[in-house]
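What you see is a predicted model; the values in this text were computed from it and never measured.
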Amino acid sequence: MITRVARALAAAGVEAPRAEAEQLAAYVLEVPRGRLALADGFTPAQRDRLDALVGRRVTREPLQHLLGSAGFRHLELAVGPGVFVPRPETELLAGWGIERAREYAAPLVVDLCSGSGAIALAVAQEVPAARVVAVERSPAALVWLRRNAAGRVAAGDRPIEVVAADVTDPDLLADLAGRVDVLLCNPPYVPRSVPVPPEVAGHDPDEAVFGGADGLDVIRPVVGRAAVLLRPGGAIGIEHDDTHAAAVPALLRGDGRYDRVAEHRDLAGRPRFASASRRADGTHADPAPAWQTDSS
């Protein structure tokens, strides 16, 4: 049965057909994937249910929508239509932010473009002393964010604070100005002309994927606002497109209020996120010439 499903998924262009076939089978049988070999066979009703799920997956509906959840670090998050499905690559940014937050006794961490709450909830779980503020503007995504936040409170994690707001608002989180220790952001950053997989094009919210013609429409204002929110020495991490390896660090340097700008690559060697620190003296250095931002 699993072999038949894997073949159907492979024919549809799914990248990891065997692994997904096993995940779907485990979901239908209600057993951990690692115990599939010990499970009893499928009942007729279970076969029908699995076939129905496979029928949806071959149309490239995201696997996470079929399962109703997505794994992220040590969490299992509810996801579905209206919210961006968190990617494993973003765990790198979350992990970096968690390490920065652990440098403080009681850190204030802000997660912009929070979506499902993946980054914010991972920080809250792994840094229990942290006060975590998650910002999201999409009403549909906020439903999933609040659902996941409530679920983690029920599991015993410290509650996060959910703020419905646009991260490009020049007055964003005005009451936190100069107080934030760590600011993380996984914004919409795909350039409009770049093709994306069917799972993304047909199911992830457009506003959570594309960041304008060059992919930097949200990142530019976030860089500026973060400099106001961060305390001197505070850290910022921004995920970006793999074509932005030079552009995002240049925006951080060009702002004049950051130092220790660094570029980080994922396990495949692709540029994944950029980081920087708010200048410890709180000053504003002369910005770099505009042409150095690679954003024109």
Side-chain angles (χ1 to χ4, degrees), residues 12 14 20 23-24 27 49 52-73 75-91 93-94 110-125 132-155 157 159-169 172-173 184-192 194-212 215 217-219 221-222 238-241:
V14 173
E20 290 203 11
Q23 290 180 74
L24 287 170
Y27 176 69
R49 187 182 181 202
L53 290 171
V54 173
R56 293 167 61 187
R57 186 66 184 106
V58 298
T59 69
R60 306 301 290 273
E61 184 174 347
L63 175 68
Q64 295 85 354
H65 284 198
L66 304 182
L67 303 180
S69 66
F72 189 85
R73 289 182 69 87
L75 303 173
E76 198 68 28
L77 302 168
V79 295
V83 72
F84 184 81
V85 175
R87 270 46 173 187
E89 294 86 352
T90 304
E91 294 184 12
L93 173 61
V110 168
D111 173 32
L112 301 184
C113 304
S114 193
S116 66
I119 292 176
L121 294 169
V123 174
Q125 182 188 59
V132 181
V133 179
V135 180
E136 175 58 50
R137 79 171 187 178
S138 164
L142 281 163
V143 172
W144 294 101
L145 172 54
R146 291 183 173 122
R147 175 179 171 182
N148 285 319
R152 292 315 310 166
V153 170
D157 292 351
I160 67 170
E161 300 168 36
V162 176
V163 176
D166 187 332
V167 302
T168 66
D169 182 347
L172 179 71
L173 303 178
L184 304 170
C185 183
N186 179 20
Y189 56 66
V190 178
R192 176 56 68 178
V194 173
V196 294
E199 290 86 347
V200 175
H203 299 280
D204 277 329
D206 188 88
E207 67 175 330
V209 176
F210 296 102
D217 280 4
V218 176
I219 292 177
V222 162
I238 304 176
E239 186 167 324
H240 57 67
D241 191 67

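For the atom pair CZ (Arg73) and CD1 (Ile119), the distance works out to 10.5 Å, reported to the nearest 0.5 Å. Interatomic distance, NE2 of His203 versus CD of Gln64, reported as 11.0 Å (0.5 Å rounding). Here CG of Asn186 is found 9.5 Å from CZ of Arg87. Values are rounded to the nearest 0.5 Å. Taken from CD in Glu199 to CZ in Arg57, the straight-line distance is 4.5 Å, to the nearest 0.5 Å. Expressed to the nearest 0.5 Å, how far SG of Cys185 lies from CD of Glu239 amounts to 9.5 Å. Annotation: the span from Ser69 atom OG to Leu75 atom CG amounts to 11.5 Å, rounded to 0.5 Å.
Within 6.0 Å of atom CZ in Arg147, 12 or fewer heavy atoms from other residues, nucleotides or ligands are found, so the atom counts as exposed in its surroundings.
Between the side chain of Arg152 and the main chain of Leu77, no donor-acceptor pair closer than 3.5 Å is present. Without hydrogens or angle criteria, Asn148 side chain to Ala78 main chain gives a donor-acceptor distance under 3.5 Å.
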Checklist entry - Is there a side chain to side chain contact (heavy atoms under 4.5 Å, CB included) between Val110 and Leu173 once you walk through the steps? => result CA-CA 10 Å; Val110 168; Leu173 303 178; 3.8 Å; yes
Next on the checklist: Assess the residue pair Val209 and Phe84 against the criterion (side chain to side chain contact (heavy atoms under 4.5 Å, CB included)); give the C-alpha distance rounded to whole Å, side-chain angles, the decisive distance to 0.1 Å, and a yes or no.
Outcome noted: CA-CA 8 Å; Val209 176; Phe84 184 81; 4.1 Å; yes
Next on the checklist: Apply side chain to side chain contact (heavy atoms under 4.5 Å, CB included) to residues Leu53 and Tyr27 and explain how you reach the verdict.
Outcome noted: CA-CA 10 Å; Leu53 290 171; Tyr27 176 69; 3.9 Å; yes
Next on the checklist: Go through it in stages, so that I can follow the logic: the residues are Leu184 and Val123, the test is side chain to side chain contact (heavy atoms under 4.5 Å, CB included), and I'd like the CA-CA distance, side-chain angles, deciding distance and then a yes or no.
Outcome noted: CA-CA 10 Å; Leu184 304 170; Val123 174; 4.3 Å; yes
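Applying side chain to side chain contact (heavy atoms under 4.5 Å, CB included) to Pro187 and the options Val222, Thr168, Leu112, Ile238 leaves one that passes, Ile238.
Side-chain contact between Val167 and Val218: present, with at least one pair of heavy atoms (C-beta onward) separated by less than 4.5 Å. Looking at heavy atoms from C-beta onward, Leu67 lies in side-chain contact with Leu24 at the 4.5 angstrom threshold. Between Thr90 and Phe72 there is a side-chain heavy-atom pair separated by less than 4.5 Å. Using a 4.5 Å heavy-atom cutoff, the side chains of Arg192 and Asp206 are in contact. Using a 4.5 Å cut-off on side-chain heavy atoms (C-beta onward), Val85 and His65 make contact.
Closest non-hydrogen pair, Pro198 versus Arg60, comes out as CB-CB, 3.6 Å. Contact between Leu145 and Gly115 at its shortest, heavy atoms only, is CB-O, 3.2 Å. In terms of heavy atoms, Ser114 sits closest to Asp111 at OG-OD2, 2.7 Å. Nearest heavy atoms, Ser138 versus Gly82: OG-O, 4.3 Å. Summarising the geometry of Val83 relative to Ser116, their closest heavy-atom pair is CG2-N, 3.5 Å, with the distance given to 0.1 Å.
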